[in-house]
Amino acid sequence: MIIRDQAALLAPVERDLRLDLFRGIGLWMIFLDHIPHDVVAWLTLRNYGFSDAAEFFVFISGYLVGWIYGPIIAGGWFLAALKRLWTRTAEMYVAHIMLFLLFTAQIARTARRFDNPMYEHEFNVFNFLAHPDELIGQAILLKYKPVNLDVLPLYITLVFASPFIVWCLVRRPNLTLAASVVLYLLSRWFDWNVASYPPGTTWYFNPFCWQLMFVFAAWCGIGQIEKISQFVWSKAAMTLAAAWLVFAFIIVMTWHIHTLEAMIPKWMIKAIYPIDKTDLDMLRLTHFLALAIWVTHFLPRNWKALQTAWLRPIILCGQHSLPIFCLGVFLSFSAHWILTQYTKGVWEQLAVSFLGIIIMIGVAWLLDRAERVPNLFVKVSEVEDPQTAAVEIVPAAPARR
C-alpha cells in the first residue's frame, strides 16, 4: 500500500533567484555565442574556461527537478510528478518543432532574398530545402536538427526521463549517481550515442554522457550535497577549484595567443586534447563544478542584490527560459545576416548584440506581465436534466386494474 503525504504535494517551494539569474546569463551567452565573429561574445564564459552556457542549463534543470519533485515523489505522488514533467516535455517538444519550422523558413527566405546559398549550408538546412518531405519526418523524430537547435532535444530527453531518475534518487541516491557515472564511462568507451540525420551522424549533445551532469545536479537538488558540504566548501577543495579555474583560463588563452601556446608542454597538449563537448569531456565537467563551488560560496540564496532592479532584467529572462531561448535563436541569426550582408564593423556588432538583448528583456517583461493577469475560467460540471431528474425522483403511480 502506497502512503501519500498530502503536505508534500501542497507544500510551497521557495524560488531560488540565483538559478533564474544564471539561467538568464546563460541565455544571453547563447545568443552572443551564436553570432559568428561578434566582439561582444568575448564576454561569454567559453572564452575564459572549458565550460559554457550548455553546462549552465543542464545543471540548473537537473537541480530544479530534484529540488522541486524530490519531496513530491518521496511523498508518494510519483504519478503527479510524472504528469507534470511529461507535460513540460511535451511543451518543449512542440516548441522545438515550431522553432525548427520557423527557423528553417527564416533561413530559406534570407538565402533567397539576398541570393546567398551560404546560409543554407552554414546552418545545415540545404538538404531540408531539397527534400522537405523526408526531412520533416526526421525532424519529428528529433534526428534532423539545423545548427543552433541541438540543445533542445537533449533537454527533452532528460526531462522525459527525469521522473524515473528522481524516483531512483529518492530511494537510492548514491547508487543512482554511481549508475550514472558507469553509464557515462561506458558511453565514452563504446561510443554510445543517438543516431541522427543524415545516416552515419549522431547527436551533437550525447544524452548518454550529458545525463551525468543532470543526475548529479538532481542529486544535489534532493539535498545530498548538504551531507558533504563541509568537504565541498573546505579550504582545500576551494583552493583546488581556484587552481583548476586558473589552469583552464591559461589553456584557453593559448587558443588566442600563439606565444603562450608555445609554452605548453607537448605531453600536456596530448593529454587534454581534444576537449570534447559532444561527450561532455571531464575537463568541461570539472571546470563547471569548480566554478559552481566559488559562485555558491560568494552568492548565498539571500543575496540582497537579487532583489535589485539592476538584476531584474536577467532574472526575468531566466524565469521564461524556453520562449526566450527560442527568441534568441531567431535574433542570433538575424544579427548574423545583418553583419554578413551589410557590415561587420565593431559598432555594428555592438549595436546588434545589445539590441538583441534588449528585445529579449522586453519580451520577458511582457511575458511576466501576462502571467500577472488573472486567468478567467468557467467550471463546467455535468448537471442532470431537471425533467429527467424529476421522473427519477417521483415514485411511479400504481397501475390501475
Side-chain angles (χ1 to χ4, degrees), residues 13-26 29 44-46 48-71 74 158 162 165-166 168-170 172-181 184 210-252 272 275 280-308 310-311 314-315 318:
V13 179
E14 181 184 358
R15 189 158 200 146
D16 190 344
L17 293 180
R18 294 177 303 175
L19 301 177
D20 295 324
L21 173 68
F22 288 109
R23 194 155 49 180
I25 293 174
M29 288 195 297
T44 63
L45 179 62
R46 71 174 184 179
Y48 305 98
F50 298 139
S51 58
D52 58 21
E55 283 81 3
F56 273 57
F57 274 92
V58 174
F59 184 88
I60 291 174
S61 298
Y63 184 88
L64 284 173
V65 165
W67 184 30
I68 295 174
Y69 296 98
L158 294 176
S162 61
I165 293 173
V166 177
C168 294
L169 284 171
V170 166
R172 295 290 187 272
N174 296 332
L175 183 61
T176 303
L177 182 60
S180 175
V181 173
Y184 170 83
W210 279 84
Q211 55 79 28
L212 176 59
M213 173 74 79
F214 188 87
V215 173
F216 176 73
W219 182 87
C220 296
I222 65 173
Q224 294 299 310
I225 191 66
E226 298 174 0
K227 298 180 179 180
I228 59 172
S229 58
Q230 67 272 21
F231 302 107
V232 174
W233 286 280
S234 64
K235 289 185 178 179
M238 295 189 68
T239 301
L240 183 62
W244 187 242
L245 292 175
V246 172
F247 172 77
F249 174 77
I250 294 174
I251 293 298
V252 172
I272 65 177
I275 303 176
L280 185 60
D281 194 284
M282 194 54 61
L283 296 180
R284 296 179 62 95
L285 176 61
T286 53
H287 177 265
F288 173 81
L289 296 179
L291 186 63
I293 289 174
W294 277 95
V295 168
T296 52
H297 174 73
F298 284 110
L299 303 182
R301 182 175 296 183
N302 58 353
W303 187 37
K304 294 182 179 180
L306 294 171
Q307 305 295 336
T308 61
W310 295 101
L311 295 181
I314 310 177
I315 292 174

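The chain is numbered in sequence order, starting from 1.
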Walk me through whether Leu45 and Glu55 qualify under side-chain contact (heavy atoms from CB on, under 4.5 Å).
CA-CA 11 Å; Leu45 179 62; Glu55 283 81 3; over 6 Å; no
For Ile293 and Ala241, the nearest pair of non-hydrogen atoms, with its separation, is CD1-CB, 4.4 Å
Results of salt bridge (Lys or Arg N to Asp or Glu O under 4.0 Å) for Arg301 - residues two or more places apart only:
Asp16
Between Ile272 and Ile275, the two heavy atoms sitting closest are O-CG1, 3.4 Å
Kindly state each residue pair satisfying salt bridge (charged side-chain N to carboxylate O under 4.0 Å, His left out) with at least one member in residues 212-223, sequence neighbours excluded.
none
Side-chain donor-acceptor pairs under 3.5 Å in residues 211-228, sequence neighbours left out?
residue : atom : partner : partner atom : Å
Gln211  : OE1  : Ser180  : OG           : 2.6
Gln211  : NE2  : Ser180  : O            : 3.0
Gln211  : NE2  : Phe208  : O            : 3.0
Trp219  : NE1  : Asn174  : OD1          : 3.3
Gln224  : OE1  : Lys227  : NZ           : 3.4

Kindly compute the distance separating CG (Leu64) from OG (Ser162), expressed to the nearest 0.5 Å.
11.5 Å
Is there a side-chain contact between Trp244 and Thr286 (heavy atoms, below 4.5 Å)?
yes
Using side-chain heavy atoms (C-beta onward) and a distance below 4.5 Å, is Leu245 in contact with Phe249?
no
I need the Ile315 CD1 to Leu17 CG distance, nearest 0.5 Å.
5.0 Å
Heavy-atom side-chain proximity of Trp303 to Leu21 below 4.5 angstrom
yes
Check whether any side-chain heavy atom of Val252 sits under 4.5 Å from a side-chain heavy atom of Tyr48, and report yes or no.
no
Can you find a heavy atom in the side chain of Phe50 that is under 4.5 Å from one in the side chain of Leu285?
no
Side chain to side chain donor-acceptor pair (under 3.5 Å) filter on Ser51, not counting sequence neighbours, yields His287
Does the side chain of Phe288 come within less than 4.5 Å of Phe56's, by heavy atoms?
yes
According to side chain to side chain donor-acceptor pair (under 3.5 Å), who are the partners of Thr296, at least two apart in sequence or on a separate chain?
Trp233
Can you tell me how far apart OG1 (Thr308) and CG (Leu311) are? Round to the nearest 0.5 Å.
4.0 Å
Tell me, please, which residues at least two apart from Arg46 pass side chain to side chain donor-acceptor pair (under 3.5 Å).
Asp33
Is the shortest side-chain heavy-atom distance between Val295 and Phe22 below 4.5 Å?
yes
Closest heavy-atom pair, Gly26 versus Ala53, reported as atoms and distance to 0.1 Å, is O-CB, 3.6 Å
Tell me whether Arg23 is salt-bridged to Asp20, with the criterion being a basic N under 4.0 Å from an acidic carboxylate O.
yes
Would you name the heavy atoms of Ala74 and Val170 that are closest together and state the gap between them?
CB-CG1, 3.6 Å
Asp52 versus Thr44: any side-chain heavy-atom pair under 4.5 Å?
no
